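This report concerns only the one structure given below.
Residue numbering restarts at 1 for every chain, and letters A, B, ... go by the order of the sequence lines. This structure is a prediction, so every number in the text was calculated from the model and none was measured.
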Amino acid sequence: MSEPEPATEILARARQAGLARSADLYPDELVRAARGIAAHLRNVPDPGDVALEPAHRFVP
Amino acid sequence: MTDAHWLSIAEIGRRYRSGALHPRAYVEGLIDRVRTLDGKLGAFLKLDAAAALADADRAAGELREGVDRGPLHGIPVGIKDIVAVAGDATTAHSRVHDPNPARADAFVVAKLRKAGAIPFGKLALHEHAIGGPSFDLPAPPARNPWDLAAMPGGSSSGSGAALAAGLLPAALGTDTGGSIRGPAGFCGVAGLKPTYGRVGRRGVLPLAWSLDHVGPMTRDVRDNALLLGAIAGHDPHDPTSLADADEDFARDIGKPIAGMTVAYARVWHTRDVAAERETAAGMDAAAEAFRRLGAKVVEIDPGPFAVYGSTNWAILASEAFAIHAADLRARPEAYGARARELISAGAFVSAADYLRCLRARATLKAKMDAILGAHDALLCAGAGLPPCRIDDKDAVQKLLQASLRGAFNLTGHPAIAVPAGFDGRGLPLSFQLASAARTEAKLYRLAAAYEAAHDWGARKPAEFI
């Protein structure tokens, strides 16, 4: 279990992404959003050295 | 016509053609119910009664003249309000929308009109098909007819609620992480997310391009197959649309299912989301019902659900943020808090992470292809938890985390939510069946066999009889 990213760093990243207004008005939402998506990304496997190109057009 | 509002599409059609029911009388009855009952439900954002009645008269006139457009002829179909209907603004249940009326119908609405169906109102949803239930928007969230204090599921909440309350016989939903199957499950109706590309999406506001599906919601399985038959088909202007011929998706309904194989992903709700007791018992009862019908049910492990669910969610958030970035940067206060938070999450997914998700998706799709290639269908829960209170934010978040639906948005396989009885509080239970790409007819065959062996559809919400 890694340490959650500090709120100050999350809000700095949000500003870099153009969300300065949200960072001012809704900082708690952005911190929850960033920590939540980070938890999801930790579950995503890395396919590793497999020749898989991300599909431009996903065909089932 | 007593209780005509609970009739199936198939039965309405029979009565239209025998003269026992007139389209105008039927549509008038539904309009009266919406006016009387929807105040406490909130399923409709808009209903143009005059247009619906004019369409009903046109449908009746055509039948009189021998023009029969098929099973959807004269059938009212509710439209989730991210789907364009010419002449109406598409609001997405949000302040953030183009206020101008749509200049053309969405592909699916045009298909419905060609099939003789009547667009019947714009239905409530979770804001932009992601953020809800929300109490900080101009329109309130739709409620669950089985318990007005309970979560109806989302994002196609108005579609599920209106069907369960007997306000219409059919509705369109969209599904990017479970948004058809969730409200179908919590409202006790049938909802199918088709194979990716099976139903054209032109004219539908996107949430996440590579995960979005449009699909049918109805009270029973046969009706669902009929509605899919009307909306499926190739759209040459939609690059993700499958180039498939029209298909009769109800063709195998009624055939025995003895000998069919059902893979049961029991571990998803026992190991991965720790399902609540009645949900787990309901799933085992459904598996046993398929065994009694002669299917071979075998437990399998598709791998941890979180791998599928999280990959789907990260792609969804990334694509949704790409769509909403300009508005979120310029006027975040125009969004409801729930949508703003969920969509903003995509700002924290790097390009490298997004591409890792797409590569992971390819491996997970291959894994699911192998499972669904070896079995006729996969049986799993829709969620590990029953509907919570609609106004309990923490419980709503837990409910979202207990969802087991996003796997099939990620892999593109068709999946249907099937009503499976009621829990001790009288709230609907439901399960999911998924199958190989382009095999929706097989899903309908299995789901209809289960449905025919039970009588869940006879029960109606007490406040809406």
Side-chain angles (χ1 to χ4, degrees), chain A, chain B residues 195-198 209-211 239-240 242 303-304 306-315 317-318 321 325-326 328-333 337-338 340-350 353-366 369 397 401 411-414 436-438:
Chain A
M1 191 74 177
S2 55
E3 286 291 312
E5 184 179 7
T8 50
E9 292 180 20
I10 289 171
L11 295 176
R13 283 209 286 150
R15 290 178 192 284
Q16 283 177 344
L19 296 177
R21 191 166 171 79
S22 283
D24 290 337
L25 294 172
Y26 313 110
D28 293 347
E29 284 180 14
L30 288 175
V31 170
R32 276 197 306 270
R35 289 178 180 162
I37 202 70
H40 280 300
L41 288 169
R42 282 194 290 275
N43 290 331
V44 178
D46 187 338
D49 190 20
V50 180
L52 283 173
E53 288 185 13
H56 292 290
R57 173 172 177 249
F58 178 61
V59 180
Chain B
T195 305
Y196 185 79
R198 179 73 99 167
W209 300 285
S210 78
L211 303 167
T240 64
L242 295 173
V307 172
Y308 297 88
S310 287
T311 305
N312 192 70
W313 193 254
I315 293 171
S318 300
F321 181 70
L328 279 171
R329 287 167 178 148
R331 47 174 184 153
E333 62 277 12
R338 182 92 179 134
R340 188 171 55 232
E341 179 174 328
L342 292 173
I343 300 173
S344 295
F348 301 100
V349 181
S350 69
D353 282 334
Y354 178 72
L355 291 171
R356 174 165 59 95
C357 290
L358 293 188
R359 298 178 77 237
R361 176 187 205 169
T363 63
L364 294 167
K365 177 187 172 298
D369 276 339
Q397 181 62 22
Q401 290 166 345
T411 65
H413 295 105
R438 296 179 159 102

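- Contacts of A:Leu25 with chain B are made by side-chain atoms alone, with heavy-atom separations under 4.5 Å and no backbone atom involved.
- For chain B, the option among A:Gly36, A:Ala39, A:Ala33, A:Ala38 with the highest count of heavy-atom pairs below 4.5 Å is A:Ala33.
- With rounding to the nearest 0.5 Å, the separation of CZ in A:Arg42 from CG in B:Asp353 is 11.5 Å.
- In this structure, B:Arg356 and A:Leu41 have side chains that are in contact, with non-hydrogen atoms separated by less than 4.5 Å.
- In this structure a side-chain-to-backbone donor-acceptor pair under 3.5 Å is present from B:Arg329 to A:Ala17.
- Minimum interatomic distance between A:Asp46 and B:Arg359 (heavy atoms only, all atoms of both residues): OD1-NH1, 4.1 Å.
- Minimum heavy-atom separation, B:Pro332 to A:Ser22: CB-OG, 3.2 Å.
- When every heavy atom of B:Ala314 is checked against every heavy atom of A:Ile37, the shortest pair comes out as CA-CD1, 4.0 Å.
- For the pair B:Phe321/A:Leu19, a side-chain contact is recorded, criterion being any heavy-atom separation below 4.5 Å from C-beta on.
- Per-residue heavy-atom pair counts under 4.5 Å with chain A were compared for B:Ala436, B:Ala337, B:Ala317, and the maximum is reached by B:Ala337.
- Using a 4.5 Å cut-off between heavy atoms, A:Ala14 touches chain B through backbone and side chain atoms alike.
- Residues A:Ile10 and B:Phe348 come closest through the heavy atom pair O-CE2, 3.6 Å.
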